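Report on the structure given below.
Source: prediction; values computed, not measured.
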Amino acid sequence: QVQLVESGGGSVQAGGSLRLSCAASGYSYNYNSLGWFRQAPGKEREGVAAICTSGSRGGSTYYADSVKGRFTISRDNAKSTVYLQLNSLKPEDTAMYYCAAGYPGEMTMFASYEYLYWGQGTQVTVSS
């Protein structure tokens, strides 16, 4: 089992920044990647960033086009924590942000079904 706890959400104005954290506990061999997804009201959940934590792609990062250049995913192995730095936030970034752990392939890094474990989410609200 893997438990994921997100923190760091909040309300900011457009152009502002936030840093989300996801603390993972449990057996790390239960996943090879950690990802951040978001879901806005009335919209489908979408992947925004992911990082491989082990294997030949360990350390590789992936970003959705909508956040590339603005968001940065990173990890602290000693703390079993993954971070998502959100810069230059836009109102359309408003959503519940979820951390997830799983075994996605390189072509399915943002496929929700590849992730077995999910956190409860942290809300990000960006006002114009």
Side-chain angles (χ1 to χ4, degrees):
Q1 279 285 9
V2 176
Q3 292 79 42
L4 303 170
V5 179
E6 304 98 332
S7 60
S11 297
V12 297
Q13 290 190 327
S17 298
L18 286 171
R19 189 176 82 153
L20 308 183
S21 300
C22 173
S25 60
Y27 296 111
S28 61
Y29 58 72
N30 283 337
Y31 58 90
N32 73 349
S33 297
L34 290 167
W36 285 97
F37 291 75
R38 67 185 181 187
Q39 188 167 21
K43 294 188 177 181
E44 292 187 357
R45 186 173 296 185
E46 63 172 345
V48 295
I51 186 167
C52 292
T53 57
S54 62
S56 60
R57 294 184 291 122
S60 297
T61 57
Y62 303 81
Y63 297 96
D65 289 343
S66 59
V67 306
K68 202 170 293 184
R70 300 189 299 121
F71 292 7
T72 303
I73 190 170
S74 61
R75 61 176 175 161
D76 183 332
N77 287 338
K79 296 182 180 179
S80 298
T81 299
V82 63
Y83 303 97
L84 186 66
Q85 179 68 41
L86 290 66
N87 295 331
S88 302
L89 282 162
K90 304 175 182 180
E92 51 263 43
D93 294 318
T94 295
M96 185 70 79
Y97 283 69
Y98 298 91
C99 178
Y103 272 105
E106 189 160 25
M107 301 304 293
T108 58
M109 293 300 293
F110 293 144
S112 298
Y113 60 81
E114 296 280 36
Y115 291 81
L116 300 177
Y117 305 100
W118 292 82
Q120 293 300 307
T122 185
Q123 177 69 36
V124 171
T125 302
V126 185
S127 58
S128 57

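Nearest heavy atoms, Met96 versus Gln123: SD-N, 3.5 Å. Annotation for Leu84 and Leu86: closest pair O-CD1, 3.0 Å, computed over non-hydrogen atoms. The nearest pair of heavy atoms linking Ala40 to Thr94 is CB-O, 3.6 Å. The two atoms that bring Ala14 and Ser128 nearest to each other are CB-CA, 4.3 Å, heavy atoms only. Val67 and Val48 get closest at one heavy-atom pair: CG2-O, 3.3 Å. When every heavy atom of Arg57 is checked against every heavy atom of Cys52, the shortest pair comes out as O-CB, 2.9 Å.
Using a 4.5 Å heavy-atom threshold, the side chains of Ser66 and Arg38 count as touching. With contacts defined as side-chain heavy-atom distances shorter than 4.5 Å, the pair Arg75/Leu34 does not qualify. For the pair Ser33/Met109, a side-chain contact is recorded, criterion being any heavy-atom separation below 4.5 Å from C-beta on. Contact of the Asp93 side chain with the Arg70 side chain is registered, since non-hydrogen atoms from C-beta on lie closer than 4.5 Å. Put simply, the side chain of Tyr62 does not reach to within 4.5 Å of the side chain of Ile73, judged on heavy atoms. When side chains are defined from C-beta on, Tyr117 counts as touching Gln1, because their heavy atoms get closer than 4.5 Å. The shortest distance between side-chain heavy atoms of Asn32 and Pro104 falls below 4.5 Å. Inter-residue side-chain proximity for Cys99 and Trp36 is flagged as met; some heavy-atom pair is nearer than 4.5 Å.
Figure legend: cation-pi geometry between Arg45 and Phe37 absent, as NZ or CZ is not positioned both under 6.0 Å from the six-membered ring centre and within 45° of its axis.
Inspection of the Ser17 and Asn87 side chains reveals an N or O donor paired with an N or O acceptor under 3.5 Å.
Distance check: Phe71 CZ to Leu20 CG gives 8.0 Å after rounding to the nearest 0.5 Å. Once rounded to the nearest 0.5 Å, the distance linking CG of Leu116 with OH of Tyr31 reads 12.5 Å.
Cluster membership check: Leu4 does not share its hydrophobic cluster with Tyr115, using side-chain heavy-atom separations under 4.5 Å among Ile, Leu, Val, Met, Phe, Trp and Tyr.
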- [ ] Give the intermediate values and the outcome of side-chain contact (heavy atoms from CB on, under 4.5 Å) for residues Leu89 and Leu18.
- [x] CA-CA 8 Å; Leu89 282 162; Leu18 286 171; 4.2 Å; yes
TODO: Give the C-alpha distance, both sets of side-chain angles, the deciding distance and a yes or no for side-chain contact (heavy atoms from CB on, under 4.5 Å) between Asp76 and Tyr83.
DONE: CA-CA 8 Å; Asp76 183 332; Tyr83 303 97; 3.9 Å; yes
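Below 30°, between 30° and 60°, or above 60°: for Trp118 and Tyr98 the angle between ring planes is above 60°, a perpendicular geometry.
A salt bridge links Lys68 with Asp65; the closest basic N to acidic carboxylate O contact falls under 4.0 Å.
Checked by atom type and distance alone, the side chain of Glu6 never pairs as donor or acceptor with a backbone atom of Cys22 at under 3.5 Å.
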